[in-house]
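A quick write-up on the structure given underneath.
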Amino acid sequence: MSGASLLFSCSIQFGVSPPKLAASSSVYHLKSISSFGHSGFSKKSKLLHKSDEILCKALQVENAPCFTVGQKFQLGDVIEAQQFERDTLNAIFEVARSMESIERSQILKGYLMATLFYEPSTRTRLSFESAMKRLGGEVLTTENAREFSSAAKGETLEDTIRTVEGYADIIVMRHFERGAAIRAAETASIPVINAGDGPGQHPTQALLDVYTIEREIGKLDGIRIGLVGDLANGRTVRSLAYLLAKYRDVKFYFVSPHVVKMKDDIKDYLTSMGVEWEESADLMEVASKCDVVYQTRIQKERFGERFDLYEGARGKYIVNQEVLNVMQKHAVVMHPLPRLDEISVEVDRDPRAAYFRQAKNGLYIRMALLKILLIGW
Amino acid sequence: MSGASLLFSCSIQFGVSPPKLAASSSVYHLKSISSFGHSGFSKKSKLLHKSDEILCKALQVENAPCFTVGQKFQLGDVIEAQQFERDTLNAIFEVARSMESIERSQILKGYLMATLFYEPSTRTRLSFESAMKRLGGEVLTTENAREFSSAAKGETLEDTIRTVEGYADIIVMRHFERGAAIRAAETASIPVINAGDGPGQHPTQALLDVYTIEREIGKLDGIRIGLVGDLANGRTVRSLAYLLAKYRDVKFYFVSPHVVKMKDDIKDYLTSMGVEWEESADLMEVASKCDVVYQTRIQKERFGERFDLYEGARGKYIVNQEVLNVMQKHAVVMHPLPRLDEISVEVDRDPRAAYFRQAKNGLYIRMALLKILLIGW
Amino acid sequence: MSGASLLFSCSIQFGVSPPKLAASSSVYHLKSISSFGHSGFSKKSKLLHKSDEILCKALQVENAPCFTVGQKFQLGDVIEAQQFERDTLNAIFEVARSMESIERSQILKGYLMATLFYEPSTRTRLSFESAMKRLGGEVLTTENAREFSSAAKGETLEDTIRTVEGYADIIVMRHFERGAAIRAAETASIPVINAGDGPGQHPTQALLDVYTIEREIGKLDGIRIGLVGDLANGRTVRSLAYLLAKYRDVKFYFVSPHVVKMKDDIKDYLTSMGVEWEESADLMEVASKCDVVYQTRIQKERFGERFDLYEGARGKYIVNQEVLNVMQKHAVVMHPLPRLDEISVEVDRDPRAAYFRQAKNGLYIRMALLKILLIGW
């Protein structure tokens with residue numbers, strides 16, 4: 001996964017070292033963020049590749065984060081949760097915070113966003129399109145992007161991207177294949193945001209989750225979070241684990257039916273990062289200790305024929321009034337939505353039910369990312 | 001259906017009594033019509049409920065309609081035809097009339113409308129989206145909203161609404177289930193317009209029908225209207241009967257094949273309202289007497305296996321040149337569209353063919369409703 | 001096909017004779033290009049028909065093309081490649097050229113385009129919608145327009161157009177039936193652009209192809225072009241042959257598998273126009289002579305059961321590095337896209353690979369057409 005480093009570009013005056021740069025051999029993109037003449041810019045970026053790489057390696061030496069206005073590193077694309085360091089997250093959250101107070105704005109007037117969705121995800125699409133339009137930008141929507149690359153026609157994703165980048169200023173892509181987002185970013189001369197690539201990543205969900213925790217609890221260092229439900233298949237909880245591992249004294253509790261328990265790769269990653277974690281079968285006890293109870297849906301579609309396993313797994317850990325009763329006053333319940341009955345409706349009335357505020361935060365995070373990628377910090 | 005009263009809210013300075021208020025025990029919504037911070041407003045509305053109710057009951061006493069600018073009652077949602085009293089209809093038509101002269105406007109600039117369609121209805125959707133954009137507003141479109149609440153994911157309509165209200169300022173919803181619109185309105189803290197809920201209601205169609213009659217004939221009191229075709233299943237003609245019953249000296253003629261004759265509930269309702277009606281099998285005679293011949297399509301989809309019954313029903317009453325020949329000079333032919341052959345194409349050339357003007361009026365009515373719900377009278 | 005003449009309208013002060021006018025008996029449309037009150041205009045156009053016809057015939061006498069600003073003939077609709085004479089093409093290309101330098105504009109602010117797509121074509125739709133939005137216009141999208149005229153409901157295309165023209169200022173239509181575009185144009189009182197009607201025409205593709213040749217080679221007279229691949233079914237190459245036949249000293253080379261060779265009607269047309277053409281089985285030799293190698297995709301969908309024939313046809317003529325090696329420095333490779341493997345990816349790196357620039361030119365051509373049809377030259 002050399003993808004991470006690919007997602008940063010460095011410029012001559014200032015920059016920041018991409019994560020795991022030394023470990024990476026991939027090139028850097030300097031993305032055009034102007035509204036037209038992309039082809040010109042993309043040529044430029046090709047020319048800059050080598051010097052870029054040298055420059056970035058050089059910049060590792062004095063790795064001073066610089067966040068005064070106009071002094072921020074440039075974000076090229078948004079592809080995976082791991083690409084964000086603490087400094088980047090703080091900077092993004094700062095912008096997102098400022099978006100909360102915007103009634104409506106025209107700062108992205110004249111910019112066009114293409115929502116290239118190879119599988120439908122109305123919730124995510126509407127959130128991005130609302131974000132773009134709140135900032136005065138325009139949207140080109142496609143929900144049947146598969147038609148672009150249908151077996152019948154067989155166009156490659158790369159060819160599709162080369163066509164679409166001629167029509168828009170930024171691409172928000174949802175794809176059914178892991179890794180599709182990085183392929184798109186490597187091809188495009190305009191910014192690409194990954195809105196979910198199959199079992200791969202859904203970085204904006206991870207960002208809004210972390211943003212919500214900070215907004216609700218007031219801190220990220222020292223957080224105690226219980227991840228509940230489907231931890232094996234949930235893209236969300238896996239990305240969340242990656243991101244929170246960047247903070248200090250975080251403690252994870254994994255509460256899940258055996259068939260969908262957290263996989264070893266994440267556990268090993270957390271251990272290697274020195275992050276504490278434990279598995280538990282006792283939701284009540286975990287709920288009483290945590291700042292955040294992060295519930296997830298058991299995804300029926302992942303069980304295929306084994307309906308019996310699904311039935312056994314779902315309903316094992318429900319967040320209801322009893323769970324609320326043992327939770328601390330300041331703690332919150334989160335959920336990526338949609339939910340079935342893993343959170344009882346009675347919980348909605350409790351101020352600690354943060355999941356609809358969490359959904360709304362997705363709007364602010366996406367407004368922030370669109371602003372940063374299109375017109376800078 | 002206590003829905004009707006639910007659709008009005010009263011404000012401190014002024015108000016009007018909701019229809020059948022005494023008979024109703026439901027709460028009133030004071031909908032946020034600002035472009036952001038809905039959650040805040042919805043909380044406020046909860047606080048206001050009790051005082052609201054008291055206020056509204058009080059207002060029943062001196063039930064003076066007050067339609068000077070800035071003195072209009074507030075419309076919270078548009079859910080069913082019955083919610084509109086004469087005064088409300090007049091006020092809406094007044095605004096719609098003013099919309100006819102608008103080339104383009106920016107009065108809704110910065111406002112976002114979400115078209116949440118659980119079943120496709122391109123005609124209705126385009127009409128709403130055109131209306132919103134004519135006024136400078138923006139649109140978030142979803143035609144596959146079922147995907148939101150698919151059996152696979154099983155999200156409730158209420159959860160979907162709570163999410164979407166975070167992205168938009170007003171929701172226009174088409175649903176396949178009767179009563180879905182009221183559930184959405186009760187959940188949402190932003191205005192909801194029912195664009196058709198299954199066999200239930202399609203109030204904006206009813207409004208544009210009445211508006212068209214007034215525009216074409218110049219009056220509503222004393223109207224003689226012949227409802228022709230499928231009177232059993234047609235949402236349209238049923239809502240129309242409800243609305244026209246609010247006017248004086250209206251007379252209905254029902255002309256339909258036996259299998260799709262007008263149902264007793266409507267007949268009883270009209271009788272209870274003191275509205276004259278009669279059934280007839282003689283289209284020519286009815287056409288010669290009426291101000292409006294309202295033709296409808298026999299809906300094949302309602303006959304299931306009984307193709308024989310469908311074939312028998314359709315084509316029994318066709319509006320053609322002969323019918324035009326007996327109609328009065330000032331009378332008009334209306335149709336909700338789409339039409340098959342229940343109106344011959346030859347009729348299109350006659351100035352009394354009002355159905356395409358009727359479709360255009362849908363644009364003005366929807367422009368008016370969006371303006372009223374978002375920025376007031 | 002008297003359609004061509006249908007596509008021009010003449011105005012009192014000035015005009016130009018429509019192509020093959022004498023041969024045609026069809027009426028002329030004076031299209032409303034104002035943002036509202038179409039019905040009024042359409043009536044007007046009906047009134048003007050007769051005088052129009054007389055006027056246009058009269059104008060044939062002194063057939064002076066007049067292209068000074070405000071003195072251009074009016075373009076009513078865009079239906080088929082044959083409707084464009086050299087003068088029209090030059091005028092359109094002039095406008096398209098000016099569009100290349102536009103970052104963003106508001107000249108179409110307040111105008112609404114309806115994309116009425118009876119079959120999905122994401123590429124074409126996005127290109128039109130991007131064009132409209134780049135100029136500040138708004139879009140009403142429908143990709144399931146079949147639902148409008150579904151067998152179940154059975155509305156005619158004419159009725160659909162009469163409804164949609166009430167919601168929009170211009171209609172861009174993609175249809176599965178040959179001739180649908182002309183039917184729409186004859187019905188509508190607003191401009192109609194054909195975005196492809198089944199096996200019929202795709203005129204904007206033809207325009208962008210010719211525009212690309214002029215931009216890349218610098219001339220159109222004297223062009224030598226090799227049409228490669230599926231010449232029997234390719235709408236594109238057929239339209240291209242029609243258009244280039246209007247220029248001087250053009251020479252065509254047809255290189256295709258026998259099963260999909262160029263049909264006689266086009267060959268006869270070229271001969272009748274005095275245009276040189278020859279068939280060849282030697283791609284290398286043709287490539288070495290041509291200014292433009294226009295490659296096309298062998299359309300599997302056209303072979304039905306005969307998969308063997310498809311396999312035999314595809315892969316017979318591939319544009320790869322060897323072909324590039326024999327091509328002249330100034331020559332270019334074009335392709336309407338999407339491509340499969342009929343052009344090897346290695347070719348993309350060569351500056352003579354013009355197909356992505358060609359796709360981008362589609363944006364400028366469509367911007368130009370929208371501007372001309374909505375607010376004039």
Side-chain angles (χ1 to χ4, degrees), chain A residues 99-106 109 115 117 119-139 141-144 208 297-302 314 335-343 345 348-349 351 353 355-364 366-367, chain B residues 32-43 46 106 108-118 120 129 132-133 136-171 187-190 374:
Chain A
M99 293 299 170
E100 293 193 22
S101 56
I102 290 181
E103 271 245 351
R104 53 192 73 111
S105 157
Q106 293 293 311
K109 186 172 175 59
T115 46
F117 274 43
E119 63 183 10
S121 173
T122 312
R123 184 184 312 274
T124 303
R125 183 175 62 81
L126 289 190
S127 176
F128 270 108
E129 296 186 351
S130 181
M132 188 65 177
K133 291 180 174 185
R134 288 284 180 211
L135 296 177
E138 265 300 340
V139 175
T141 301
T142 165
E143 285 197 286
N144 72 336
L208 76 89
R297 180 173 60 94
I298 304 287
Q299 298 177 52
K300 189 177 183 179
E301 51 271 36
R302 307 282 187 169
R314 73 173 284 197
H335 190 298
L337 304 179
R339 67 158 162 192
L340 294 184
D341 49 14
E342 62 272 7
I343 298 180
V345 176
D348 297 1
R349 290 188 304 270
Y355 30 92
F356 292 118
R357 296 193 293 274
Q358 179 184 0
K360 183 67 178 270
N361 287 337
L363 182 66
Y364 305 130
R366 284 152 186 150
M367 288 168 83
Chain B
S32 152
I33 53 174
S34 83
S35 170
F36 248 55
H38 303 307
S39 49
F41 269 84
S42 69
K43 280 200 202 63
K46 304 278 172 260
Q106 292 295 309
L108 296 188
K109 186 173 176 59
Y111 286 94
L112 264 171
M113 172 181 95
T115 45
L116 196 58
F117 274 43
Y118 284 80
E129 297 185 351
M132 188 65 177
K133 291 180 174 187
E138 265 299 342
V139 174
L140 300 174
T141 302
T142 166
E143 286 197 285
N144 71 337
R146 267 173 188 266
E147 181 262 333
F148 252 135
S149 62
S150 65
K153 291 185 176 178
E155 179 176 62
T156 63
L157 173 62
E158 284 74 9
D159 277 14
T160 301
I161 294 294
R162 282 207 183 82
T163 304
V164 174
E165 74 180 354
Y167 303 150
D169 304 308
I170 186 167
I171 294 172
T187 304
S189 59
I190 60 173
L374 286 169

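Being a predicted model, the structure only gives us computed values, none of them experimental. Chain letters run A, B, ... following the sequence lines, proteins first, then strands; residues in each count from 1.
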Within 45° cone of B/Y111 ring axis and under 6.0 Å: A/R104 NZ or CZ:
yes
Do A/E138 and B/E138 make a side-chain contact, defined as non-hydrogen atoms from C-beta onward lying under 4.5 Å apart?
yes
Side chain proximity check, A/T141 to B/T141, heavy atoms < 4.5 angstrom
no
Using salt bridge (Lys or Arg N to Asp or Glu O under 4.0 Å) as the criterion, list what pairs up with A/R366, not counting sequence neighbours.
none
List in chain and number order the residues that pass salt bridge (Lys or Arg N to Asp or Glu O under 4.0 Å) with A/D348, two or more places apart in sequence or in another chain; answer none if no residue qualifies.
A/R339, B/R162
Given A/S130, which of B/V164, B/L140, B/D169 fulfils the side chain to side chain contact (heavy atoms under 4.5 Å, CB included) condition?
B/L140
Taking all non-hydrogen atoms of both residues into account, name the closest pair between A/A359 and B/T163 and its distance.
CB-CG2, 4.4 Å
Drop me the distance from B/L116's CG to A/L126's CG, to the nearest 0.5 angstrom.
8.0 Å
For each of A/K133, A/Q106, A/E129, tally heavy-atom pairs with chain B at distances under 4.5 Å, and name the one with the top tally.
A/K133
